[in-house]
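Notes for the one structure printed next.
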Amino acid sequence: ADASAQTIVVGSKPFTENFILAEISAQLLEANGFTMERRLGLGGTLITWEALKNNEIHLYPEYSGTLLQAIYSGRNLSVQQLPAALAAESLVSVAALGFNNSYALAVTEETAEALGMTQISDLAQHPDLSAGFSHEFLNRGDGWPALKRHYGLTQATVGLEHALAYGALSGGSIDITDAYTTDGELDNFNLRLLTDDREFFPRYDALLLANRELPDNAAQVLQTLEGALDEPTMRALNRRVAVDKVSPATAASEFLKTINIAS
Ligand code: PBE
C-alpha cells in the first residue's frame, strides 16, 4: 500500500507480551511520524487474526508456531511454506523479532521434587494432579486436547486467566499450568518447566504480522525491529509489566530507548 496520511491501527492479543510488542511497534512508528490507533487486547488468536484479515487492524504481534498449529492447523505447513500461505491472504511477516515464546507445562519445584518429575511424560504416572490451563490452550490445535493424546495424559482441567495461573499454582489450587516461556513471573515463583521429551511443541518465534494496507514506508520502519529482542530481554520486559506493574507503554518506551531507534 502507499504511504499517506492514513492512521495505522495496531492490535494485540490479551496478554502482557503481546501488549508490549504492539506498544513497541506503535511508539516506533509514532517516532517516525505516523499516526497510530491502538486496539490492544482485542481477543484471542483467531479473533485478532480475523481482525487483521478484515482490515480492522493493520498489524499485530504473532508467533510462527501459532500460525502453523493454531491458525493453519490441519494444513500441515512447514515454516518454509508460511510466507506463501500468508501472501495468499495478502498478509506478510514484516519482522522476526528474534525470540521464541513457547508453551511449556509448569509445576511447582515442590511438587516436581516430591513426585520426581522432570519431563511431560512423567505426568502419566500422576493422573490425580489437577490442571488449570489458559482458555485458549484448552482449545487450540497445539493445546491440551492434542498434547493429552500425544502423551497419553488424563488429568482433569479447569480454564483460567493466564495472568492468574502462577498465583493459583503457588497457592496450591492447581498443580499444573501452561506457562509461556518468556513470562516475567517465571523468575519469581519457584517453578519447574517440564521438558517436552516427546517433542510436541513447535517453535513460537515472535513476528510482526501485517496486511497489505500497512504502508510500505511503515513496514520499512518496523523492519528495524528484526532480531531486536532475545529471550532474556523479552522476559525482562514482561517482568516490568507483570511484576513491577509499569504499563506496557512504559516498558515499550524503556526498551526503545535502549536500542536507540526511537526516543
Ligand atoms: N504462545 C505462548 C501463545 C501465547 C503465549 C506464544 C504460544 C500465543 O499467543 O500464540
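Just follow the structure's listing: the first ligand is 1, and inside any ligand the first atom is 1.
- The closest side-chain donor-acceptor pair between His162 and Asp183 falls under 3.5 angstrom.
- With ring centers used as reference points, Tyr72 lies under 6.0 Å from Trp49.
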Between ligand 1 and the protein, give all atom pairs where both partners are nitrogen or oxygen and the distance is under 3.5 Å, as lines of names plus distance to 0.1 Å.
residue  : atom   : partner : partner atom : Å
ligand 1 : 9 (O)  : Lys13   : NZ           : 2.8
ligand 1 : 10 (O) : Lys13   : NZ           : 3.2
ligand 1 : 10 (O) : Thr66   : OG1          : 2.6
ligand 1 : 10 (O) : Arg140  : NH1          : 2.8

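- A donor and an acceptor atom, one from each side chain of Glu110 and Thr108, are nowhere located under 3.5 Å apart.
- Checked against the 6.0 Å centroid threshold, Trp144 and Phe137 do not count as a close aromatic pair.
- If you run side chain to side chain donor-acceptor pair (under 3.5 Å) between Tyr204 and each of Asp142, Asn101, Thr182, only Asp142 comes through.
- In this model, a donor atom of one side chain and an acceptor atom of the other lie less than 3.5 Å apart for Thr66 and Arg140.
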